[in-house]
Colleague: 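My structure is below; once you've seen it, I'll send some questions.
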Number of protein chains: 2
Amino acid sequence: MTEAAAPERVHIIGTGLIGTSLGLALTRAGESVTLEDLSTTNAALARDLGAGKTSVDVDPDLVVVATPPDVTAACVARALDRWPHAVVTDVASVKVAIIDALRLEGADLARFCGSHPMAGRERSGAVAGRHDLFHGRAWVLTPTVETSETAVALVRSVAATVGSAVVTLEPEEHDAAVASVSHVPQLVASLVAARLEHLADSSVALAGQGLRDVTRIAASDPHLWTQILSGNAHAVRDILAALATDLHAVIGALDALGSDQDALGARGTLARAIAAGNAGHARIPGKHGAAPTAYATVRVLIPDEPGQLGRLFADVGAIGTNIEEFHLDHGLGQAFGLAEIDVVPGAAAALAEGLEERGWRLHG
Amino acid sequence: MTEAAAPERVHIIGTGLIGTSLGLALTRAGESVTLEDLSTTNAALARDLGAGKTSVDVDPDLVVVATPPDVTAACVARALDRWPHAVVTDVASVKVAIIDALRLEGADLARFCGSHPMAGRERSGAVAGRHDLFHGRAWVLTPTVETSETAVALVRSVAATVGSAVVTLEPEEHDAAVASVSHVPQLVASLVAARLEHLADSSVALAGQGLRDVTRIAASDPHLWTQILSGNAHAVRDILAALATDLHAVIGALDALGSDQDALGARGTLARAIAAGNAGHARIPGKHGAAPTAYATVRVLIPDEPGQLGRLFADVGAIGTNIEEFHLDHGLGQAFGLAEIDVVPGAAAALAEGLEERGWRLHG
């Protein structure tokens, strides 16, 4: 397996958001790309956007199956048959079910290397395609024991060409990982948000930044997520079951406290649940992919008047501090917002001083 | 009840974060404030910071009990006895349990108006006190049928003086509301984060912005949250039980799909869970306290090099667009970050054009 093993001719089947974006990115990088879609209108649209040439009479080195997840396995099997010398990959967000289906069909798994570019948008279709969709995103490869080194090298090369960070995982490991870091958080955010549906306006008006953060992804598309969750049913189910066990322990503790505020062990259960959350939260990598960095935070009150946030941006830019994170917190639609600017600890004092000199009111 | 009914002499019992911040804010507003704390060192510290005079020999119009929640009811009862003409309020984040305890003691509820300033910090104690802690935050008043109009007016006046938005709710309504918008989201964020504790590094490395948002508040203090959850056990329990019912429906659907991908009704259950989340999420008020505003988003790729975010701020400031929201999204510690700038729809084109002119790469 060498980085030099780049494909010369890439054929993309399915010209939705991912297929079209990949075509745009590879074409821009000088690769020869052909496109195919069940809908010839879709394929022609992707072509007109610059994603490649439309053709079904091709002899590719690499075939990328970028169809909806429910037909991915069948399309991969057909591609392996149709081009007996080509390597085939797919881009679905769930991996084990596809490999199981291919194995059942007796497909040539040496030439198949499943993959998952962790990039998406809230819009779909060729028109939403972007050549930079994969920049700085993880692209997970999930080779099996059967997968040849050539197959892995070709897919790795494509992912690197479009600017992704290549990560290799076992298929089972991938599905369990995305269940933990993506599918379960999505479901739970939806379940928390669902509890707000019939809440009184006066109650929902008390929503703060915590609730906003927890439920932001609850705005996601039910149709897409039903496909994703169905395809990863086992892994998602196992984590949800463990979460349900923890949840029932908490409910039990609250029940006990509801009838007896001195209930033995109940407060311990609550404290352990929150403490376990601390420990898990600390595992999430920071901006630079390592352990979370301890930044210093400068908090600035933003009067809710036109142009204030723009003025803050101009002043922070003029001060010239390197900003690691920026977070905007709203109160109850009142006179002030709160901007949190994270910088490396050594830079906080200069930023705070510079902002105060420019008339900003700091907060904490 | 009139806005003119401002207290002339405010006595604050408990000089932690909230008590000290209130003393600082009221002193700054020209009110006469006295302070008292079980720990005379704490009280002296708050005094030295400018939060008021330390004295126990006082004749206040209004007493604010700002002690830890587990002793609030007892302190309120004592204050009502000690000053038979004063109005008394508290600042605890749970209200029904306090009123129940006072009623049981036969306290003079006409002079008590419970309240909850929805402000806090991740640090505690007098030293963390800020005169602007309550600016733009909701301050909920929870009068009962017994509460006199004078009592309500005095507490309302104090909340308004320190810059809060006053909201009046029934005590039960308050506790149910904070259970929904604060306590349940906190617990669920902790439960999701807890699932990461023993995950492999390679899996946790796939964490994206969705997971970061869902689990941000999972970093909260177990000791404080154990007190809060214990004090609101009934309301939190009821919502968690409803959430558990939804969760089990989802687990059941995933179980069914795990053994039969065509399981009747299973996909419908998943889709309904995500769709209910959509509906609940749409209830959360936007920045201006009304229904969520549909902003247009301009997405900008940020090279992960020193000074780039500062340069963006300077350019956005120079373009002069009024910014409604700003969100920074990180990939996997790779070459780019993604800034999302929300503006009113009419302003998006000018901002995008201005940024492209200044050499920024837009994204979608």
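Sequence lines set the chain letters: A, B, ... in the order given, protein chains first and strands last, and positions in each chain run from 1. Basis for what follows: all heavy atoms, side chains included, without hydrogens, waters or symmetry-related copies.
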Colleague: Can you tell me if A/Arg195 uses its side chain to pair, donor with acceptor, with the backbone of B/Ile239 under 3.5 Å?
Modeller: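 No: the side chain of A/Arg195 does not pair with the backbone of B/Ile239.
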
Colleague: Is there side-chain contact between A/Ile274 and B/Leu187, with heavy atoms separated by less than 4.5 Å?
Modeller: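 Counting from C-beta outward, A/Ile274 and B/Leu187 do come under 4.5 Å.
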
Colleague: Please test B/Leu199 against A/Val181 for side-chain contact (heavy atoms from CB on, under 4.5 Å), starting from the C-alpha separation and ending with a verdict.
Modeller: CA-CA 10 Å; B/Leu199 212 59; A/Val181 304; 4.1 Å; yes

Colleague: Do side-chain atoms of A/Arg237 reach the backbone of B/Gly258 as a donor and acceptor pair under 3.5 angstrom?
Modeller: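 Checked: no pair found.
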
Colleague: Is there a side-chain contact between B/Val236 and A/Ile251 in this structure, where contact means two heavy atoms from C-beta onward sitting under 4.5 Å apart?
Modeller: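 The answer is no, as the side chains (C-beta and beyond) never meet within the 4.5 Å cut-off.
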
Colleague: Chain A heavy atoms under 4.5 Å from B/Ala275: which part of the residue, side chain, backbone, both or neither?
Modeller: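 Both backbone and side chain.
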
Colleague: For B/Asp213 and A/Ile217, run side-chain contact (heavy atoms from CB on, under 4.5 Å): C-alpha distance rounded to whole Å, both residues' side-chain angles, the deciding distance at 0.1 Å, then the answer.
Modeller: CA-CA 8 Å; B/Asp213 286 349; A/Ile217 56 175; 5.7 Å; no

Colleague: So which atom in A/Arg361 and which in B/His131 form the shortest heavy-atom distance, rounded to 0.1 Å?
Modeller: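 Between these two residues, the closest heavy atoms are NH2-CE1, 3.8 Å.
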
Colleague: For the CD atom of B/Glu197 and the NE2 atom of A/His281, what is their distance to the nearest 0.5 Å?
Modeller: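 Here the rounded value is 13.5 Å.
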
Colleague: Write down the atom of B/Ser220, the atom of A/Asn278, and the distance for their closest heavy-atom approach.
Modeller: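 Nearest pair, atom of B/Ser220 first, then A/Asn278: O-ND2, 2.9 Å.
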
Colleague: Write down the atom of A/Ser180, the atom of B/Leu196, and the distance for their closest heavy-atom approach.
Modeller: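 In terms of heavy atoms, the two residues are closest at O-CD2, 4.1 Å.
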
Colleague: In terms of heavy-atom pairs under 4.5 Å with chain A, which of B/Asp255, B/Leu257, B/Val184 leads?
Modeller: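 Max contact count across the listed options: B/Asp255.
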
Colleague: Could you tell me which of B/Gly210, B/Ala242, B/Ala279 has the largest number of non-hydrogen atom pairs under 4.5 Å with chain A?
Modeller: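 Option with the top pair count is B/Ala242.
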
Colleague: Taking every non-hydrogen pair under 4.5 Å, which of A/His234, A/Arg216, A/Arg267, A/Arg272 racks up the most with chain B?
Modeller: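 Among A/His234, A/Arg216, A/Arg267, A/Arg272, the one with the most close pairs to chain B is A/Arg216.
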
Colleague: Go through the atoms of A/Leu240 and report whether side chain, backbone, both or neither lie under 4.5 Å from a heavy atom of chain B.
Modeller: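 Answer is both: backbone and side chain atoms of A/Leu240 are under 4.5 Å from chain B.
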
Colleague: Relative to chain B, which segment of A/Ser182 carries a heavy atom at a distance below 4.5 Å: side chain, backbone, both, or neither?
Modeller: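 For A/Ser182, there is no contact with chain B at all, as no heavy atom is under 4.5 Å.
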
Colleague: Quick one: CZ on A/Arg299 to CG on B/Asp132, what's the gap to the nearest 0.5 Å?
Modeller: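 That separation rounds to 11.5 Å.
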
Colleague: Indicate the atoms forming the closest heavy-atom contact of B/Thr215 with A/Ile284, along with that distance.
Modeller: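 Residues B/Thr215 and A/Ile284, closest heavy atoms: OG1-CD1, 3.2 Å.
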
Colleague: Can you tell which part of A/Gln261 gets under 4.5 Å to a heavy atom of chain B, answering side chain, backbone, both or neither?
Modeller: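 Contact with chain B: side chain only.
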
Colleague: Where is the tightest heavy-atom contact between A/Ala193 and B/Gly277, given as atom of each residue plus distance?
Modeller: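 Heavy-atom minimum between the residues: CB-O, 3.4 Å.
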
Colleague: With a 4.5 angstrom heavy-atom cut-off, could you sort out which part of A/Asp201 is near chain B: side chain, backbone, both or neither?
Modeller: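 Both parts, backbone and side chain.
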
Colleague: Got a second to check how far B/His116's NE2 is from A/Leu206's CG, nearest 0.5 Å?
Modeller: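 Output value for this atom pair is 9.0 Å.
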
Colleague: Do B/Leu270 and A/Ser230 make a side-chain contact, defined as non-hydrogen atoms from C-beta onward lying under 4.5 Å apart?
Modeller: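 They are in side-chain contact.
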
Colleague: For residues B/Leu191 and A/Val188, determine if any side-chain heavy atom of one lies less than 4.5 Å from a side-chain heavy atom of the other.
Modeller: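 Result no, sub-4.5 Å side-chain heavy-atom pair not found.
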
Colleague: Do A/Leu229 and B/Val250 come close enough that some side-chain heavy atom pair is under 4.5 Å?
Modeller: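 A side-chain contact is absent here, since even the closest heavy-atom pair is not under 4.5 Å.
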
Colleague: Using a cut-off of under 4.5 Å on heavy-atom pairs, state which of A/Thr168, A/Leu247, A/Val140, A/Thr269 scores highest against chain B.
Modeller: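 Sorted descending by pairs with chain B, the first entry is A/Leu247.
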
Colleague: At a heavy-atom distance under 4.5 Å, which candidate from B/Asp246, B/Ile319, B/Asp315 has the highest pair count against chain A?
Modeller: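 The option with the most such pairs is B/Asp246.
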
Colleague: Only pairs of heavy atoms separated by less than 4.5 Å count here; which of B/Asn232, B/Val204, B/Val316 has the most with chain A?
Modeller: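 Highest number of heavy-atom pairs under 4.5 Å: B/Val204.
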
Colleague: Under a 4.5 Å cut-off applied to non-hydrogen side-chain atoms, are B/Leu169 and A/Ser202 in contact?
Modeller: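 Yes; the side chains approach each other to less than 4.5 Å.
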
Colleague: Could you have a look at B/Ala271, B/Gly231, B/Ser190 and say which one has the most heavy-atom pairs with chain A under 4.5 angstrom?
Modeller: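 Result: the option with the highest number of such pairs is B/Ser190.
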
